[in-house]
Novice: 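What follows is a structure written as structure tokens; I'll ask about it next.
We number each residue from 1, following the sequence as shown.
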Amino acid sequence: MQPEAAAVPRDRPLQFHPRADILARFAGALSTGDGVAGAHCIHELWMRGEWPHNIEKGLASLWKHASKSIPDWLPMRYVDWLPVAYEIAGEFHSASRGRTNIYLVLLDYSDSRPEPHGVYVGMSHYSPADRFDQHKAGIRASGSVLKRGLEVLTGPTMHLQHIARREAARIEAQLAEALSAAGLFVQGGH
């Protein structure tokens, strides 16, 4: 079994593998239609600062050859600050289990800002995907997600699912503040 089969992106199962090995694994994942293995390869290159064009090309190839098995934590488009979002979100932890989830939504500001992407930080007892769908349908929607929401960025906050509401409220606000302090354009985080 490949080391990435059961790993979450934050684990970075390919972190200590040389680039050539990752590229070979990626080619193998494409040939077998293994979206999980391919996603981990792209993710690791992304975290290492691989050229954006190479990430976009890899994403396109993975969608072409393994679309049915790509995990939902892999973004569908290149975002230059994704490694920063992982690093910052990784600093937050909850000591208590519960029903609340922290989520991030990629926002499109290409029509109004030099940096084309922003991020919305939210919390809900719904899954991040379900809550995103509610925003887009206008149900208790944030205007920024309704108008500009592109996709849920699942990976950075996978460890912040099913936590206590009081912890989630604290983390939501502090995560939004930390992402903003790192230079991201942040909405939400009430």
Novice: Suppose we screen for salt bridge (charged side-chain N to carboxylate O under 4.0 Å, His left out). Which residues come up paired with D133, at least two apart in sequence or across chains?
Specialist: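 Result, salt bridge (charged side-chain N to carboxylate O under 4.0 Å, His left out) vs D133: none returned.
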Novice: Who pairs with L146 by side-chain contact (heavy atoms from CB on, under 4.5 Å), at least two apart in sequence or on another chain?
Specialist: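 Partners of L146 under the side-chain contact (heavy atoms from CB on, under 4.5 Å) test: A141.
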Novice: How many angstroms lie between CD1 in I22 and CD1 in I42, if you round to the nearest 0.5 Å?
Specialist: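 Going from CD1 on I22 over to CD1 on I42, the span is 11.5 Å.
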Novice: Is it the case that the side chain of T157 and the backbone of L160 share a donor-acceptor pair, with hydrogens and angles ignored and the cut-off at 3.5 Å?
Specialist: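 Flag not set: sc T157 to bb L160 has no pair under 3.5 Å.
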Novice: For residues 110-128, which residue pairs pass the salt bridge (charged side-chain N to carboxylate O under 4.0 Å, His left out) check, not counting sequence neighbours?
Specialist: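 Checked against salt bridge (charged side-chain N to carboxylate O under 4.0 Å, His left out) - neighbours excluded - the pairs reaching residues 110-128 are D111-R148.
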Novice: Sequence neighbours left out, what passes side-chain contact (heavy atoms from CB on, under 4.5 Å) with A24? Give chain and number order.
Specialist: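 Scan of A24 (side-chain contact (heavy atoms from CB on, under 4.5 Å), adjacent residues dropped) gives none.
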Novice: Just to verify, what does E50 make a salt bridge (charged side-chain N to carboxylate O under 4.0 Å, His left out) with, not counting sequence neighbours?
Specialist: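 In terms of salt bridge (charged side-chain N to carboxylate O under 4.0 Å, His left out), with neighbours along the sequence ignored, E50 is linked to R19.
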Novice: Can you list everything that forms a side-chain contact (heavy atoms from CB on, under 4.5 Å) with S69? Sequence neighbours excluded, please.
Specialist: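 By the side-chain contact (heavy atoms from CB on, under 4.5 Å) rule, S69 matches A66.
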Novice: Identify, with sequence neighbours excluded, every residue that meets side-chain contact (heavy atoms from CB on, under 4.5 Å) alongside A29.
Specialist: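 Once residues adjacent in sequence are excluded, the partners of A29 under the side-chain contact (heavy atoms from CB on, under 4.5 Å) criterion are D34, A37.
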Novice: Are H17 and E44 packed together at the side-chain level, in the sense that at least one heavy-atom pair is separated by less than 4.5 angstrom?
Specialist: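 SC-SC contact between H17 and E44 ruled out.
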Novice: Run the side-chain hydrogen bond (donor to acceptor under 3.5 Å, both in side chains) test against D11 and tell me which residues pass, sequence neighbours left out.
Specialist: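 Per chain and number, D11 pairs via side-chain hydrogen bond (donor to acceptor under 3.5 Å, both in side chains) with no residue.
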Novice: Assign the ring pair H40 / W73 to parallel, tilted or perpendicular, where the plane angle (0 to 90°) is split at 30° and 60°.
Specialist: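 Tilted: the ring planes of H40 and W73 meet at 30° to 60°.
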Novice: I want to check something: taking the side chain as every heavy atom from C-beta on, are H43 and R12 in contact at a cut-off of under 4.5 Å?
Specialist: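 Yes, side chains in contact.
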Novice: How many angstroms lie between atom CG of D108 and atom NZ of K147, to the nearest 0.5 angstrom?
Specialist: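 One gets 10.0 Å once the value is rounded to the nearest 0.5 Å.
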Novice: Pick from Y78, Y86, F26: which one makes a ring pair (Phe, Tyr, Trp, His ring centres under 6.0 Å) with W46?
Specialist: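 Between W46 and the candidates, ring pair (Phe, Tyr, Trp, His ring centres under 6.0 Å) is satisfied uniquely by Y78.
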Novice: Set out, in order, the CA-CA distance, both residues' side-chain angles and the distance that settles side-chain contact (heavy atoms from CB on, under 4.5 Å) for Y109 and S144, then state yes or no.
Specialist: CA-CA 10 Å; Y109 283 98; S144 60; 3.9 Å; yes
Novice: Can you confirm whether K57 is buried at NZ, in the sense that more than 12 heavy atoms of other residues, nucleotides or ligands lie under 6.0 Å from that atom?
Specialist: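 Not more than 12 within 6.0 Å, no.
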Novice: Listed by chain and number, what are the salt bridge (charged side-chain N to carboxylate O under 4.0 Å, His left out) partners of R77, not counting sequence neighbours?
Specialist: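 With sequence neighbours excluded, R77 shows a salt bridge (charged side-chain N to carboxylate O under 4.0 Å, His left out) to E151, given in chain and number order.
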Novice: In residues 89-106, what donor-acceptor pairs under 3.5 Å come from side-chain atoms, sequence neighbours left out?
Specialist:
residue, atom, partner, partner atom, Å
H93, NE2, G90, O, 3.0
S94, OG, S96, N, 3.3
S94, OG, S96, O, 2.9
S96, OG, R166, NH2, 3.4
R97, NH1, Q161, O, 3.3
R97, NH1, H162, O, 3.3
N101, OD1, H162, N, 2.8
N101, ND2, Y126, O, 2.9
Y103, OH, H135, NE2, 2.8

Novice: Considering only heavy atoms from C-beta outward, does the side chain of H125 approach that of R165 to under 4.5 Å?
Specialist: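 The answer is no; the side chains never approach within 4.5 Å.
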Novice: Heavy-atom count check: over 12 atoms from other residues, nucleotides or ligands less than 6.0 Å from E56 CD?
Specialist: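 Yes, enclosed.
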Novice: Go through the structure and list residues passing salt bridge (charged side-chain N to carboxylate O under 4.0 Å, His left out) with R170, not counting sequence neighbours.
Specialist: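 For R170 the salt bridge (charged side-chain N to carboxylate O under 4.0 Å, His left out) partners, ignoring immediate neighbours, are E167.
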Novice: Should L107 and L150 be counted in the same cluster of Ile, Leu, Val, Met, Phe, Trp and Tyr side chains packed under 4.5 Å apart?
Specialist: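 Each belongs to a different hydrophobic cluster.
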Novice: For W81, enumerate each residue passing the ring-ring contact (aromatic ring centres under 6.0 Å, His included) test, keeping only those at least two apart in sequence or located in another chain.
Specialist: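 For W81, no residue satisfies ring-ring contact (aromatic ring centres under 6.0 Å, His included) once neighbours in sequence are set aside.
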